[in-house]
Amino acid sequence: MPDDLSTGNLWLFDTRTRKKQMFEPAEPDCVTMYVCGPTVYDLVHIGNARSAVVFDTLYRVLRHQYKRVDYVRNITDIDDKIIAACERSGEAPQSLTERYTAAYQADMQALGCLEPVHTPHATDYIEAMMSCIERLIQADHAYCAEGHVLFSVPSWPGYGSLSRRNPDEQLAGARIDPAPYKRDDKDFVLWKPSSDDQPGWESPWGRGRPGWHIECSAMSLELLGYPIDIHGGGSDLVFPHHENERAQSVCLHSGTHEFARFWLHNGMLTLGQEKMAKSRGNIRNVRDLLAEHTGETLRYALLSAHYRGPLAFSDKLLASSRTALFRLYETLIEDDRLPNEDTSGAGAGAVADTVWQPLLDDLNTPRAFAAMNKLGREANRNADEGRQALQATLQTSGRLLGLFSHDALQAYLHATRNLDARVLARLKERDKARALKDFARSDAIRDELIADGYEIFDMGAAPSRAIRPG
RNA sequence: GGCUGGGUAGCAAAGUGGUUAUGCAGCGGACUGCAACUCCGUUUACGCCGGUUCGAAUCCGACCCCAGCCUCCA
């Protein structure tokens, strides 16, 4: 257990060493982080979003601590699944990938994710990939066979140490038929031939397209250099994707210099008892969820568990997240006004130490949330001076986690306070009836408004109010 | 079969040798004409069996169960 938390250092759990380690960038004040983004052949589901939200939160924490954070999240826009989707629908690949890239970016923005510093599209880096492949061939880590270029797994003894697998002990049977042109069953594709009707690029090995793993090696090298500080992604990418990516990248650098100083992996969302996955048909896509919930509700739900563990996703979770979040909104909103902000929009207070410390401890968002809830309660308990300071601290702390954005608060304010004339009139009527102690009448009006989805608040001597939390 | 993680109250989820996690839900109270909101209090816990210890949910050992990866996957 890190004793040095009090020193203000960030500790992160590294998949490769299976240890929580103190993080420091290789270059002081400049952090490089690469996170695997989506393959854009469909709308993303909430499980995909978890990865984006988790690493966005880490990005925010890093930005809070370091002057510069070069954060890259790629878009895979060349892939067999894209080709298959186009064959089914008849749509051109570029049109399909552009559509789903835009959808992804809109969805992630709705979830409060900041735009990464770079969002490279794989198809813009084909040259870089070919150059990597060429170098791997020259270094005898790759070979050509029947229009394919394959990475030779036995050529690098370090293979398997990220995912802690002994390649020889993996279940050999019941998999895809081992391609006859592979020297070793474990070898994987760097470049594969494309038929005339498939997307492809001319290369020294014929017209073809890159394998999945080489994309990330090439783009991270191109944009962030070598090595990088942090490589992130879902835990289902550890093997084979990150294992392969690491093998390629390390073999491009003499086979001895480590590629990523920290490997971070977020856990899976489960729906019922199973992992949420397209292949199981149990997905909830972000687009549909956003029709029923705010982006911040989804974000709160996704961050309510520690990023490395599984999270049981359900409508109940969303409902409780929404209630909890709206309660915090009400704590921040005073007299139907948004809280004060400084010019940067960061919020007027400082981040609470009780929120910050858990984040430094391997991004413990549940503990940070617990601290925020305590701040909120403390603020509600305080009538005056203390209240404002606590509100400011709460707001700034939430902002750090990508919550309480100006837009979200304003939208909430608008949605809950924007009462039509009929409702206002009924409220007034009810206040009048109450003043006359005509409670049968006042309660009838209240029941009517509640039936319409309003919550009624009596304010003592002041006029009563209604909001509609939706 | 190999490799990872898990099993904490109604639900979700932190914590990890002795001290309230937290949120939602429930219950009781204050407030209220009654409610709601808010606040205060509070009921349900640490898979099973042993062991170590003054003390274990937390450490050790065995066992049971669950999930993920080994094939595209966040």
Side-chain angles (χ1 to χ4, degrees), chain A residues 1 15 18 35-39 41 44-55 79-81 84 160 163-176 186 212 232-241 243 265-270 273-280 283 300-302 304-325 327-328 330-331 358 361 364-374 376-383 434 437-440 442-443 446-447 449-450 454-460 464-467:
Chain A
M1 209 43 18
T15 302
R18 306 261 157 210
V35 174
C36 289
T39 301
Y41 67 104
V44 293
H45 59 77
I46 189 71
N48 297 281
R50 186 182 191 190
S51 180
V53 167
V54 161
F55 289 104
D79 182 88
D80 287 4
K81 271 179 297 193
S163 56
R164 304 221 165 169
R165 279 157 213 259
N166 181 338
D168 298 323
E169 285 173 4
Q170 296 298 299
L171 197 64
R175 268 184 299 179
I176 47 165
K186 299 178 289 291
W212 177 34
S235 63
D236 52 354
L237 296 184
V238 177
F239 191 92
H241 184 235
E243 192 71 67
H265 292 97
N266 62 277
M268 300 292 102
L269 243 45
T270 56
Q273 282 287 54
E274 291 191 309
K275 173 190 170 186
M276 187 187 292
K278 277 186 181 141
S279 54
R280 302 184 197 218
I283 53 166
Y300 189 98
L302 290 174
S304 67
H306 183 83
Y307 77 91
R308 275 195 285 124
L311 169 62
F313 194 82
S314 68
D315 289 319
K316 225 171 175 176
L317 172 70
L318 292 175
S320 96
S321 298
R322 178 171 66 175
T323 306
L325 192 57
R327 182 165 156 270
L328 293 173
E330 288 296 337
T331 300
D361 184 9
N364 195 327
T365 51
R367 245 166 64 203
F369 279 8
M372 289 208 306
N373 283 311
K374 283 187 176 179
R377 172 159 304 182
E378 190 87 9
N380 286 332
R381 194 160 33 201
N382 272 273
R434 290 182 67 222
K437 300 207 188 302
D438 183 358
F439 297 124
S442 71
D443 289 356
R446 182 170 67 193
D447 289 346
L449 290 174
I450 288 172
Y454 291 93
E455 278 182 27
I456 311 301
F457 302 97
D458 287 345
M459 311 297 291
S464 58
R465 294 176 30 212
I467 70 168

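Every heavy atom of this structure was used, including side-chain atoms; hydrogens, water molecules and symmetry mates were not. Labels below follow one simple rule: chain letters A, B, ... track the order of the sequence lines, proteins then strands, and each chain is numbered from 1.
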S.K.: Using a 4.0 Å heavy-atom cut-off, does A/N364 contact any base of the nucleic acid, only the sugar-phosphate backbone, or nothing at all?
M.R.: sugar-phosphate
S.K.: With heavy atoms under 4.0 Å as the rule, sort A/R322 into base, sugar-phosphate or nothing.
M.R.: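 Since no nucleic acid heavy atom lies under 4.0 Å of A/R322, the category is nothing.
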S.K.: Look at the side chain of A/R18 and decide which nucleotide, out of B/G33, B/G5, B/A21, has an atom nearest to it.
M.R.: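 When the side chain of A/R18 is considered, B/G5 is the closest of B/G33, B/G5, B/A21.
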S.K.: Give the nucleotide from the list B/C37, B/C69, B/A14 with an atom nearest to the side chain of A/E455.
M.R.: B/C37
S.K.: Return the nearest nucleotide to the side chain of A/S320; candidates are B/C69, B/A13, B/G23.
M.R.: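 Among B/C69, B/A13, B/G23, the one nearest the side chain of A/S320 is B/G23.
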S.K.: Is any side-chain N or O of A/D458 under 3.5 Å from a base N or O of B/A35, one able to act as donor and the other as acceptor?
M.R.: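 Present.
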S.K.: Select one nucleotide: of B/A35, B/A14, B/C72, the one nearest the side-chain heavy atoms of A/R446.
M.R.: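 So the side chain of A/R446 is nearest to B/A35.
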S.K.: Over how many whole Å does the gap from A/L325 atom CG to B/U22 atom P extend?
M.R.: 19 Å
S.K.: Both distances below 3.5 Å, Watson-Crick or wobble geometry, any strand: find the nucleotide opposite B/U42.
M.R.: B/G26
S.K.: Is any side-chain nitrogen or oxygen of A/N373 closer than 4.0 Å to OP1 or OP2 of B/G23?
M.R.: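 For B/G23, OP1/OP2 do not have a side-chain N/O of A/N373 under 4.0 Å.
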S.K.: Looking at the side chain of A/A324, which of B/A25, B/G23, B/U22 is the nearest nucleotide?
M.R.: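 Nearest nucleotide to the side chain: B/G23.
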S.K.: Just compare B/A12, B/G33, B/A14 and give me whichever is closest to any side-chain atom of A/L317.
M.R.: B/A12
S.K.: Check whether any side-chain nitrogen or oxygen of A/R327 sits under 4.0 Å from OP1 or OP2 of B/C39, and answer yes or no.
M.R.: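 Looking at the OP1 and OP2 atoms of B/C39, one of them is under 4.0 Å from a side-chain N or O of A/R327.
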S.K.: With a 3.5 Å cut-off and no angle check, do the side chains of A/N380 and A/T331 form a donor-acceptor pair?
M.R.: yes
S.K.: Are A/F457 and B/A36 stacked, counting the six-membered base ring, centres under 5.5 Å, planes under 30°?
M.R.: no
S.K.: Provide, to the nearest angstrom, the distance between the CZ atom belonging to A/R308 and the P atom belonging to B/A13.
M.R.: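 One finds 15 Å between P of B/A13 and CZ of A/R308, rounded.
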S.K.: Checking only heavy atoms, does the side chain of A/R165 share a donor-acceptor pair with the base of B/C69 at less than 3.5 Å?
M.R.: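 Counting by modelled atom types and ignoring angles, a donor-acceptor contact under 3.5 Å is found here.
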S.K.: Mind checking if A/T331 touches a base, just sugar-phosphate, or nothing, with heavy atoms under 4.0 Å?
M.R.: nothing
S.K.: Can you check the A/M268 CE to B/C70 P distance for me, whole Å?
M.R.: 11 Å
S.K.: Please give, in whole Å, the distance from B/C34 P to A/F439 CZ?
M.R.: 9 Å
S.K.: With a cut-off of less than 4.0 Å, is there a side-chain N or O of A/R377 near OP1 or OP2 of B/U22?
M.R.: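 Indeed not, no polar side-chain atom of A/R377 lies that close.
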S.K.: Among the candidates B/G5, B/A25, B/A74, find the nucleotide nearest to the side-chain atoms of A/T323.
M.R.: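 The answer is B/A25, which lies nearest to the side chain.
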S.K.: Would you say a side-chain N or O of A/R164 is under 4.0 Å from OP1 or OP2 of B/C69?
M.R.: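 For B/C69, OP1/OP2 do not have a side-chain N/O of A/R164 under 4.0 Å.
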S.K.: Between A/L318 (CG) and B/C11 (C1'), how many Å, whole number?
M.R.: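 In whole Å, B/C11 C1' lies 13 Å from A/L318 CG.
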S.K.: Looking only at non-hydrogen atoms, find the nearest pair between A/H306 and A/N364 and report the distance.
M.R.: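 It is ND1-CA, 3.9 Å.
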S.K.: When you measure from the side chain of A/A305, which nucleotide among B/A13, B/G33, B/C70 comes out closest?
M.R.: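 Side chain of A/A305 sits closest to B/A13.
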S.K.: Looking at A/R367, does any N or O in its side chain come under 4.0 Å of the phosphate oxygens OP1/OP2 on B/U22?
M.R.: no
S.K.: With heavy atoms under 4.0 Å as the rule, sort A/K437 into base, sugar-phosphate or nothing.
M.R.: nothing
S.K.: Give the minimum heavy-atom separation between A/A301 and A/L318, together with the two atoms involved.
M.R.: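 Smallest heavy-atom distance, with atoms named: CB-CD2, 3.9 Å.
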S.K.: How many Å lie between OH on A/Y307 and P on B/G68, as a whole number?
M.R.: 21 Å
S.K.: Need one value for A/L269: base, sugar-phosphate or nothing, where a base atom within 4.0 Å counts as base even if backbone is also close, heavy atoms only.
M.R.: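 Base: the residue A/L269, judged by heavy atoms under 4.0 Å, touches a nucleobase.
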S.K.: Categorize A/H45 for me: base, sugar-phosphate, or nothing, with a 4.0 angstrom heavy-atom threshold over every strand shown.
M.R.: base
S.K.: At under 4.0 Å between heavy atoms, what does A/G47 touch on the DNA or RNA strands: base, sugar-phosphate, or nothing?
M.R.: base
S.K.: Quick one: on RNA chain B, does A/E378 or A/I46 contact a more 5' nucleotide (nearest heavy atom)?
M.R.: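 Looking at RNA chain B, the more 5' nearest nucleotide goes with A/E378.
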